[in-house]
Amino acid sequence: MAIAIANLRHVFGLKGDVANNVAFQDEQSIIYPSGSNCVLYNIETKMQKFISNNDKSGGMTAMALTPNKRYIAVAEKGEKATITIYDLQTLRKKKVLTTTDVQSQQYVSLAFSPDSKYLVSQGARPDW
């Protein structure tokens with residue numbers, strides 16, 4: 001018996017409650033959150049690529065693109081707030097960041113330094 005596998009082909013919609021929810025990767029491509037995915041949409045070819053986020057999280061809360069356009073950081077809420085950094089060339093996870101020093105269950109804002117080396121995050125209540 002053959003097993004059918006569903007593949008994501010196209011996503012409609014924008015998750016509007018994510019901080020910094022639209023970014024240009026280059027002249028032809030934009031990145032935006034939709035559902036539990038980050039969508040890379042090429043406006044010329046009208047093709048989409050997807051970065052699937054953690055299914056067990058409470059959803060995305062913020063995202064940030066590095067100034068050199070190589071990586072994207074995605075914050076997800078949950079019992080333990082996490083930030084995942086993805087490589088936009090390969091669409092694979094580069095690093096998952098979490099800490100026990102933060103009491104908040106989510107990050108509300110992310111930003112990279114101008115040289116793309118450092119990431120700053122802002123936790124939500126009760127840390128702010």
Atom pair OG1/CZ of Thr90 and Arg70 - distance to nearest 0.5 Å: 7.5 Å

Main-chain N/O of Asn68 paired to Ser116 side chain as donor or acceptor, under 3.5 Å: yes

Contact check, side chains of Ser34 and Leu14, non-hydrogen atoms, under 4.5 Å: no

Lys94 to Asp87 - nearest heavy-atom pair and separation: CB-N, 4.4 Å

Least distance between heavy atoms, Ala124 atom then Ser104 atom: N-OG, 3.1 Å

Distance in Å, Arg125 CZ paired with Gln103 CD, rounded so as to fall on 0.5 Å steps: 13.0 Å

Shortest non-hydrogen contact from Ala23 toward Leu65: CB-CD2, 4.0 Å

Approximate separation, where rounding is to 0.5 Å, of Asn20 CG and Thr61 OG1: 10.5 Å

Gln89 atom CD, neighbour heavy-atom count above 12 within 6.0 Å: yes

Val18-Tyr107 co-clustered via ILVMFWY side chain contacts under 4.5 Å: no

Same cluster (ILVMFWY, side-chain, under 4.5 Å), Tyr86 and Ile83: no

Residue pair Ile51 / Val74, side-chain heavy-atom distance below 4.5 Å: no

Backbone N/O of Ala75 and side chain of Thr84: donor-acceptor pair under 3.5 Å: no

Residue Lys69 excluded, over 12 heavy atoms near NZ under 6.0 Å: yes

Min side-chain heavy-atom separation Phe50-Val39 under 4.5 Å: yes

Single-linkage hydrophobic cluster, 4.5 Å side-chain cutoff, Tyr71 and Leu119 together: yes

Nearest non-hydrogen partners of Leu110 and Ala73, listed with the distance: CD1-O, 3.7 Å

Distance (rounded to the nearest 0.5 Å) between Lys15 NZ and Met63 CE: 12.5 Å

Rounded distance [0.5 Å steps], CZ in Phe12 versus CD in Gln48: 7.5 Å

Distance (rounded to the nearest 0.5 Å) between Asn53 CG and Lys93 NZ: 8.0 Å

Name of the residue among Glu76, Gln122, Lys77, Met60 meeting side-chain contact (heavy atoms from CB on, under 4.5 Å) with Gln106: Lys77

Cluster link Ile72 to Phe112, ILVMFWY, side chain under 4.5 Å: no

Same cluster (ILVMFWY, side-chain, under 4.5 Å), Ile31 and Leu91: yes

Derivation and outcome, side-chain contact (heavy atoms from CB on, under 4.5 Å), residues Lys80 and Thr100: CA-CA 8 Å; Lys80 194 173 208 182; Thr100 57; 4.1 Å; yes

Min side-chain heavy-atom separation Leu97-Ile85 under 4.5 Å: yes

